[in-house]
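Report on the following structure.
In what follows, every chain begins at residue 1, and chains take the letters A, B, ... in the order their sequences are listed.
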There are 2 protein chains.
Amino acid sequence: MEVPEVVVDRLPQYVRALRELRRRSHKVVSSTELGDLLQMTPAQIRKDLSYFGRFGKQGRGYNVESLLEQLKSILGLNRGWNLALVGVGRLGRAILGYPGFAPEGFHLVAAFDDDPKVVRQSFGGLIVQPTSQLAEEVAAKSIRIAIVAVPAAQAQAVADQLVSCGIRAILNYAPVAVQTPPEVKARTIDPVVALQSMTYYLTNESRRSASPKETPLRDESAARDARVRRAPERGKGGAP
Amino acid sequence: MEVPEVVVDRLPQYVRALRELRRRSHKVVSSTELGDLLQMTPAQIRKDLSYFGRFGKQGRGYNVESLLEQLKSILGLNRGWNLALVGVGRLGRAILGYPGFAPEGFHLVAAFDDDPKVVRQSFGGLIVQPTSQLAEEVAAKSIRIAIVAVPAAQAQAVADQLVSCGIRAILNYAPVAVQTPPEVKARTIDPVVALQSMTYYLTNESRRSASPKETPLRDESAARDARVRRAPERGKGGAP
DNA sequence: GTTTGTGAAGTATTTCACAGCC
DNA sequence: GGCTGTGAAATACTTCACAAAC
């Protein structure tokens, strides 16, 4: 049974939602409720979970606490992970200062840069080392995940170096698609690309009010409306 | 002819690759070359482009400069876009200082926060305004895109407010899936979620060396190898 | 010779719909 | 009555493969 990558990519979202439900003291949740929270269909949630086991109870739903623990275990989140950062420029320093990693078990334990202006300096409690130290530190600190925050032109070379050091996952902040062998996972974070795909829709806004072929056969619109979609609060000034 | 969202999401990557090719003075590019660069199949690139027109020449490929211009026009990138930022905490300030937006035509022209410690203060050349000013500024500066950088707990309320002001696209940095009506696009940037989906593979590494059912029928592996995949450079120290 | 553009074929993913259980 | 888990159906997406163009 091979789990599709899209499914794996959704699991962290389930974890997020379940934590929130736990915070609100919900003991049990149905796939419909979870779907409302995450803007997904109940069937998708049930199908996704079914790749990993049977976690629910008919007529009741899922126990929030136990489903959360199960998913954390599946994702490997019930342990800590050491991270290396390569690139300690403006962006790299912001990443070192980002408080969102540690509470999730991601610990930045080494920082690398070859710029003489930053090497040997200390940022966020870490002394910046030259990249020549990479392999040594990766081995010494059992680092399997790296964050790349170097300029685009250097990103691929850095990724190659990381791969050769045995790194198995790369979170890339450089605006290029870095290539890795299949056994090394990579994800790129690129706010500009996200903006650029949205401007397509702002530019080509003609899909609403376009002639609907016919009334949808299935209760498609009803399903859409059934999902939670909070009514916008009115801003003080009011929009034109 | 309805363009799938996955296709739109790939167009910015084509733009990136074409800019790089132009920088290297390539005049023409084939779908195969582009595919090598971006780790995609040539057929996918041709099919994607075919949703928008016929841009290539048989036997030759695509003119780099003109395909670039066409794609920029399709995405609405041959103009500037004003952006509003909501949330001027640590993350918001890093965003204000990020130099990657302006060269792509994205201009942060207003910043909002209700924290008395930052309101009226100046960051990155912008004076922080209270969110009560949102609707007014959005209208005055024709802002259609907003960046949300507030804590998770406030993100949905802020998104609702933005929607009610007429904002049409939201780039959300808060670690929650914000809900928007269908006519308002939203993208969430969440490095922790990206890391959490990768740890799944680090935790469950048993898919290689697993018995291959049989030799692939089609030249699947050949196709994979055909794509550019640069050999990792050796690090100074060498990996264990 | 090369490479595009595209229907058709093949996969992948999502959704349906219902038996089974609480 | 409500809800899960899941094969089957439907939809979406990718890749093939080849005629047409150069």
Side-chain angles (χ1 to χ4, degrees), chain A residues 1-11 13-14 18 21 26-36 38-64 66-67 70-71 213 216-224 226-227, chain B residues 1-11 13-14 18 21 26-64 66-67 70-71 213 216-227:
Chain A
M1 201 211 274
E2 187 62 53
V3 182
E5 183 147 349
V6 277
V7 172
V8 174
D9 287 350
R10 280 192 292 264
L11 299 184
Q13 320 233 31
Y14 299 155
L18 288 165
L21 287 165
H26 291 227
K27 296 296 177 226
V28 173
V29 67
S30 70
S31 57
T32 308
E33 293 171 301
L34 248 188
D36 288 348
L38 290 170
Q39 195 82 333
M40 291 175 195
T41 64
Q44 176 160 78
I45 290 167
R46 295 201 301 275
K47 177 67 99 180
D48 282 359
L49 297 178
S50 78
Y51 282 103
F52 304 98
R54 291 119 86 82
F55 305 118
K57 281 207 179 28
Q58 282 104 328
R60 276 180 159 290
Y62 301 88
N63 179 292
V64 171
S66 82
L67 180 56
Q70 295 273 6
L71 289 178
K213 288 186 184 62
L217 300 168
R218 207 57 70 170
D219 53 341
E220 202 183 276
S221 57
R224 200 192 325 286
R227 288 182 220 129
Chain B
M1 199 210 271
E2 186 61 54
V3 183
E5 184 147 346
V6 278
V7 172
V8 174
D9 287 350
R10 280 192 292 263
L11 298 185
Q13 320 234 29
Y14 299 156
L18 288 165
L21 287 165
H26 291 228
K27 297 296 178 224
V28 173
V29 67
S30 70
S31 57
T32 309
E33 292 170 304
L34 248 188
D36 287 348
L37 236 58
L38 290 170
Q39 196 81 333
M40 292 174 193
T41 64
Q44 176 158 79
I45 291 167
R46 295 201 302 276
K47 179 65 100 180
D48 283 359
L49 297 178
S50 78
Y51 282 102
F52 303 98
R54 291 119 85 82
F55 305 118
K57 280 206 180 32
Q58 282 103 328
R60 277 182 160 288
Y62 302 87
N63 179 292
V64 171
S66 81
L67 181 55
Q70 295 274 6
L71 289 178
K213 288 185 183 63
L217 300 167
R218 204 62 65 172
D219 54 341
E220 202 182 276
S221 57
R224 200 189 327 285
D225 293 346
R227 289 181 219 130

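Note: CD (B/Glu5) to P (D/dA12) measures 13 Å, nearest angstrom. In this structure, CZ of B/Arg10 is placed 12 Å from C1' of D/dA12, rounded to the nearest angstrom. With rounding to whole Å, A/Asn63 atom CG is found 16 Å from C/dC22 atom P. Distance A/Ile45 CD1 to C/dC16 C1': 16 Å, rounded to the nearest Å. Between B/Gln44 atom CD and C/dT11 atom P the separation is 16 Å, expressed in whole Å.
In this structure, A/Leu49 and A/Phe55 approach most closely via the heavy-atom pair O-CE1, 3.5 Å. Closest of all the heavy-atom pairs between B/Ser50 and B/Lys47 is OG-O, 2.7 Å.
One distance of note links OH of B/Tyr14 with CD of B/Gln70; it measures 15.5 Å at 0.5 Å rounding. Summarising the geometry, atom CD belonging to B/Gln13 is positioned 11.5 Å from atom CG belonging to B/Leu34; distances are rounded to the nearest 0.5 Å. Put simply, CG on A/Leu21 and CG on A/Leu67 are 10.0 Å apart, with the number rounded to the nearest 0.5 Å. Summarising the geometry, atom CG belonging to B/Asp48 is positioned 7.5 Å from atom CE belonging to B/Met40; distances are rounded to the nearest 0.5 Å.
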Can you tabulate the close N/O pairs, meaning under 3.5 Å, that link protein atoms to atoms of nucleotides 4-8 of chain C?
unit_1: C/dT4; atom_1: OP1; unit_2: B/Ser31; atom_2: N; d: 2.7
unit_1: C/dT4; atom_1: OP2; unit_2: B/Ser31; atom_2: OG; d: 2.7
unit_1: C/dG5; atom_1: OP1; unit_2: B/Phe55; atom_2: N; d: 3.0
unit_1: C/dG5; atom_1: OP1; unit_2: B/Gly56; atom_2: N; d: 2.8
unit_1: C/dG5; atom_1: OP2; unit_2: B/Tyr62; atom_2: OH; d: 2.7
unit_1: C/dG5; atom_1: O3'; unit_2: B/Arg54; atom_2: NH1; d: 3.1
unit_1: C/dG5; atom_1: N7; unit_2: B/Arg46; atom_2: NE; d: 2.7
unit_1: C/dG5; atom_1: O6; unit_2: B/Arg46; atom_2: NH2; d: 3.0
unit_1: C/dT6; atom_1: OP1; unit_2: B/Arg54; atom_2: NH1; d: 2.7
unit_1: C/dG7; atom_1: N7; unit_2: B/Lys47; atom_2: NZ; d: 3.4

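For the pair B/Thr41 and D/dT15, the criterion of a side-chain N or O lying under 4.0 Å from OP1 or OP2 is met.
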